[in-house]
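Have a look at the structure below before the remarks.
Just so you know, residue 1 is the first one in the sequence shown, and it goes up from there.
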Amino acid sequence: MPKYVAETIAAISTPPGEGAISIVRLSGDDAVALANSVFKGKDLTKVPTHTINYGHIIDPRTKRPVDEVMVSVMRAPKTFTREDVVEINTHGGIVATSRVLQLLIAAGARQAEPGEFTKRAFLNGRIDLTEAESVMDIIRAKTDRAAQVAVDQLGGNLRTTIDDLRQDIVNVLAQVEVNIDYPEYDTDQMTVQAMGVCARDANQRIDGLLATAQGGKILREGLATAIVGRPNVGKSSLLNYLLHEDKAIVTDVAGTTRDVLEEYVNVRGVPLRLVDTAGIHDTNDKVEKIGVERSRKALNAADLVLLVLDVSEPLTDEDRELLTATRAKKRIVVLNKQDLPVAVTGDELAQYVEPSELISTSILTATGVDELEARIAKLFFGGIENSQNEVVVTNARQIGLLKQTQTSLQAVLDGIDAGMPVDLIQIDLTEAWDKLGEITGDAAPDELITTLFTQFCVGK
């Protein structure tokens with residue numbers, strides 16, 4: 001890929017606010033010269049690459065120091081963007097950092113757009129689109145497992161898999177071209193057979209990738225988990241236990257929770273987006289009725305339902321209604337308050353619940369909650385829970401393009417079955433190759449690239 005050439009850009013790469021240090025980053029052919037024009041210390045244009053240098057940022061107009069800094073100089077091509085990169089470590093704080101940035105812009109740099117450093121890394125061939133997306137996944141990771149999957153993808157494991165698929169397809173396409181140009185050296189039957197084998201093999205390998213999509217989506221976005229039940233069964237207590245803090249108010253008064261509380265929690269590597277709902281029951285209280293309606297919406301939108309029952313009381317009509325309403329959802333039925341005499345029979349529960357969905361707890365005595373956490377992890381990560389280097393598809397763009405590829409591959413097989421000419425079947429196989437190229441960026445349209453990188457923060 002040819003080197004992307006553009007003006008030198010600058011941005012603050014650390015979050016705004018007070019801190020120990022802030023970093024102002026430059027990238028471009030003039031990065032070192034521009035930094036040197038406001039720096040008092042060693043001549044940055046003469047220092048060795050990948051060194052850090054002490055000095056001061058000076059306002060060229062007033063000749064007064066703006067801040068005491070450490071400046072890292074990194075020469076192309078061994079940088080993130082494959083351009084000259086300078087990073088100025090200032091004291092943390094909004095004023096000093098902003099003044100340094102404004103001096104660099106006044107010296108000739110341009111304010112970077114969101115994600116422009118990463119975009120340059122892509123355009124200069126340093127990373128592909130899957131690796132660019134993994135950079136954002138690392139930033140947004142909510143658990144160690146999510147971060148590890150993103151790091152693996154940054155290392156290029158998905159790119160390698162996609163490149164291998166594309167290479168197998170292009171090998172067959174080359175054979176088709178030879179057959180079309182020199183029919184005396186081949187037969188249509190041999191070429192069609194090779195296309196069929198290629199399409200079936202690629203389809204099978206893509207099935208394997210798509211099998212990881214649910215786990216990848218959960219790692220990236222979190223698992224929407226609704227804690228539901230009638231009032232005063234222990235929903236808020238369960239939320240507080242999983243969060244390890246008293247986030248929700250817990251009392252023995254029914255209906256304490258009147259709205260939907262939402263928090264993220266790491267449960268054995270699974271990022272749960274926990275939603276503690278108001279107790280679902282019939283009520284004439286106007287405010288409580290709004291909370292119940294929101295609870296029903298959260299229940300419908302949930303990936304996982306934790307249905308909490310109070311087993312110290314017989315099942316109520318509200319319990320039965322919830323057991324019936326959640327039958328089609330992925331759920332775990334939490335039989336809470338096991339520290340009290342049990343009033344719910346197994347035969348009655350068997351009418352609504354499979355034994356594998358049940359787990360007994362006492363939130364008050366912290367009994368059974370570890371088993372609940374293990375059940376959640378196993379339910380959603382049974383296939384990739386302990387994998388170290390497995391390729392995981394993590395976002396909707398990749399999933400959509402893989403499915404479009406399969407559509408083109410199926411068209412190849414359908415064309416073969418229908419006895420279509422080789423050159424027409426070739427069109428569908430070429431489309432499959434192109435769709436795979438969009439995943440890595442080798443065949444991605446400019447509009448897609450622009451849209452993707454605008455999702456990054458400024459300075460990344």
Side-chain angles (χ1 to χ4, degrees), residues 214-215 218 223-242 248 250 252 254-255 257 260 265 267-268 270 272-283 291-383 385:
Q214 182 192 39
I218 290 169
L223 181 68
T225 306
I227 305 176
V228 300
R230 61 183 171 84
N232 211 30
V233 295
K235 300 185 301 299
S236 296
S237 296
L238 177 57
L239 174 72
N240 288 341
Y241 189 94
L242 293 173
V250 177
D252 58 0
T257 302
V260 171
V265 61
V267 174
R268 306 204 176 187
V270 183
L272 295 189
R273 183 158 53 84
L274 279 178
V275 180
D276 179 25
T277 64
I280 297 178
H281 66 122
D282 294 327
T283 177
V292 170
E293 182 58 33
R294 290 182 178 178
S295 297
R296 294 188 187 279
K297 290 181 180 178
L299 172 61
N300 292 333
D303 299 313
L304 171 66
V305 174
L306 301 180
L307 172 53
V308 184
L309 301 177
D310 179 355
V311 295
S312 69
E313 300 176 358
L315 287 182
T316 66
D317 290 341
E318 290 162 347
D319 291 331
R320 295 186 184 92
E321 180 187 346
L322 284 170
L323 285 165
T324 302
T326 58
R327 258 182 174 152
K329 307 285 290 186
K330 264 195 175 177
R331 69 179 180 180
I332 298 175
V333 178
V334 181
L335 306 179
N336 194 33
K337 302 192 180 182
Q338 293 284 339
D339 53 303
L340 300 175
V342 175
V344 178
T345 66
D347 290 341
E348 190 173 12
L349 283 171
Q351 301 175 42
Y352 303 95
V353 189
E354 295 294 328
S356 60
E357 296 177 307
L358 295 172
I359 194 156
S360 299
T361 66
S362 170
I363 308 300
L364 182 65
T365 62
T367 302
V369 185
D370 286 346
E371 290 80 358
L372 173 60
E373 292 182 348
R375 182 79 60 84
I376 293 170
K378 184 177 181 180
L379 189 62
F380 284 91
F381 289 100
E385 184 173 5

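Without hydrogens or angle criteria, Arg375 side chain to Ser356 main chain gives a donor-acceptor distance under 3.5 Å. Between the side chain of Lys235 and the backbone N or O of Arg230, at least one donor-acceptor pair lies under 3.5 Å.
Side-chain atoms of Val344 and Leu335, non-hydrogen and from C-beta on, never get closer than 4.5 Å to each other.
Shown here are the side-chain hydrogen bond (donor to acceptor under 3.5 Å, both in side chains) partners of Ser312, two or more places apart in sequence or in another chain: Asp310. In this view, Asp370 satisfies the side-chain hydrogen bond (donor to acceptor under 3.5 Å, both in side chains) rule with no residue, not counting sequence neighbours. For the side-chain hydrogen bond (donor to acceptor under 3.5 Å, both in side chains) test, residues two or more places apart in sequence or in another chain that qualify with Asn336 are Thr361. Checked against side-chain hydrogen bond (donor to acceptor under 3.5 Å, both in side chains), Thr367 has the following partners two or more places apart in sequence or in another chain: Thr365.
Rounded to the nearest 0.5 Å, atoms OG1 (Thr225) and CD1 (Ile227) are 8.0 Å apart. Leu372 contributes atom CG, which lies 5.5 Å from atom CD1 of Ile332 (distance to the nearest 0.5 angstrom). Put simply, OG1 on Thr345 and CD on Gln351 are 8.0 Å apart, with the number rounded to the nearest 0.5 Å. Distance NZ/Lys329 to CG/Asp303: 7.0 Å, rounded to 0.5 Å. Taking CG of Asp339 as the start and CD1 of Ile363 as the end, the distance is 10.0 Å to the nearest 0.5 Å.
When all heavy atoms of Leu242 and Val265 are compared, the pair lying nearest together is O-CG2, 3.0 Å. Contact between Thr326 and Leu323 at its shortest, heavy atoms only, is OG1-O, 3.5 Å.
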inquiry  = Please determine whether side chain to side chain contact (heavy atoms under 4.5 Å, CB included) holds for the pair Val353 and Leu307, giving the CA-CA distance in whole Å, both sets of side-chain angles, and the decisive distance to 0.1 Å.
reply    = CA-CA 11 Å; Val353 189; Leu307 172 53; over 6 Å; no
task = Test Gln338 against Val311 for side chain to side chain contact (heavy atoms under 4.5 Å, CB included), laying out the working first.
result = CA-CA 7 Å; Gln338 293 284 339; Val311 295; 3.7 Å; yes
request  = For Leu238 and Val308, run side chain to side chain contact (heavy atoms under 4.5 Å, CB included): C-alpha distance rounded to whole Å, both residues' side-chain angles, the deciding distance at 0.1 Å, then the answer.
outcome  = CA-CA 9 Å; Leu238 177 57; Val308 184; 4.1 Å; yes
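Side-chain polar atoms of Asp319 and Thr316 form a donor-acceptor pair below 3.5 angstrom.
Within the structure, salt bridge (Lys or Arg N to Asp or Glu O under 4.0 Å) contacts touching residues 346-366 (residues at least two apart or in different chains) are Arg320-Glu348, Arg331-Glu357.
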